[in-house]
Amino acid sequence: GLAPAKEDGSVVIQPNPSNGRFTVSFVNAEKGDVVVEVVNSLGQAVYNETVRQLEGPYRKEMDLTAQSAGAYYVKITRGKETTSHKVIYR
């Protein structure tokens with residue numbers, strides 16, 4: 001299910017709102033596979049990445065400028081926990 005981001009592993013998305021380019025960063029405290037996905041308001045994935053055995057910081061520059069403006073969700077799955085973070089591209 002959806003779990004709140006933990007304090008130590010909280011996800012930072014900036015800038016938000018953005019012009020289509022933004023940075024996603026968080027720290028994965030426990031080593032494990034992490035799935036980072038960006039979905040649009042229709043639920044279609046526009047970005048999907050699996051990071052194997054991630055331990056420590058994750059940082060990624062996202063570029064949605066090829067997509068249409070609107071609301072997107074950054075979904076981060078760590079183990080059995082998925083957190084969802086709204087991003088506005090305008």
Side-chain angles (χ1 to χ4, degrees):
L2 292 180
K6 291 191 181 71
E7 251 345 276
D8 59 342
S10 56
V11 176
V12 177
I13 296 171
Q14 56 190 15
N16 188 18
S18 76
N19 61 359
R21 290 189 175 92
F22 58 92
T23 301
V24 177
S25 56
F26 59 88
V27 173
N28 201 41
E30 291 183 27
K31 187 175 183 179
D33 294 354
V34 175
V35 179
V36 178
E37 194 175 25
V38 180
V39 295
N40 62 19
S41 55
L42 302 175
Q44 299 164 322
V46 296
Y47 179 84
N48 189 303
E49 176 190 20
T50 300
V51 185
R52 300 275 173 213
Q53 297 300 298
L54 174 68
E55 186 174 13
Y58 172 94
R59 184 182 170 87
K60 187 79 174 187
E61 303 279 341
M62 299 286 183
D63 186 345
L64 298 182
T65 54
Q67 308 292 328
S68 53
Y72 289 82
Y73 294 86
V74 177
K75 290 167 71 176
I76 296 166
T77 302
R78 292 177 271 193
K80 295 187 170 102
E81 284 190 343
T82 299
T83 55
S84 185
H85 312 270
K86 190 175 187 178
V87 180
I88 302 297
Y89 164 24
R90 61 186 185 201

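Only this structure's heavy atoms are used, side chains among them; waters, hydrogens and symmetry mates stay out. All of these numbers come straight from a predicted model, not from anything done at the bench.
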Could you check whether any side-chain heavy atom of Gln53 comes within less than 4.5 Å of a side-chain heavy atom of Asp33, counting everything from C-beta outward? yes
Can you list the residues that meet the side-chain hydrogen bond (donor to acceptor under 3.5 Å, both in side chains) rule with Glu30, with sequence neighbours excluded? none
Find out whether Val38 and Val24 are in side-chain contact, i.e. whether some heavy atom of one side chain is under 4.5 Å from a heavy atom of the other. no
Looking at Ala69 and Arg90, what are the two nearest heavy atoms and their distance? CB-CA, 4.1 Å
Pair up each side-chain donor or acceptor in residues 12-20 with any protein partner under 3.5 Å, not counting sequence neighbours, and list the distances.
unit_1, atom_1, unit_2, atom_2, d
Asn16, OD1, Ile88, N, 3.0
Asn16, ND2, Lys86, O, 3.0
Ser18, OG, Gly20, N, 3.0
Asn19, OD1, Arg21, N, 3.2

With Thr50, which residues qualify under side-chain hydrogen bond (donor to acceptor under 3.5 Å, both in side chains), at least two apart? none
To the nearest 0.5 Å, what is the distance between CG (Asn28) and CZ (Arg78)? 6.0 Å
Heavy atoms, side chains only, cut-off 4.5 Å: are Tyr89 and Asn40 in contact? no
If the condition is side-chain hydrogen bond (donor to acceptor under 3.5 Å, both in side chains), which residues does Arg59 pass it with, not counting sequence neighbours? none
Apart from Val39 itself, its cluster of hydrophobic side chains linked below 4.5 Å comprises Tyr73
My understanding is that only residues two or more places apart in sequence, or in another chain, count here; which of them pass side-chain hydrogen bond (donor to acceptor under 3.5 Å, both in side chains) with Glu49? Tyr47, Tyr58
Rounded at 0.5 Å granularity, tell me how far OH in Tyr72 sits from CD in Gln67. 5.0 Å
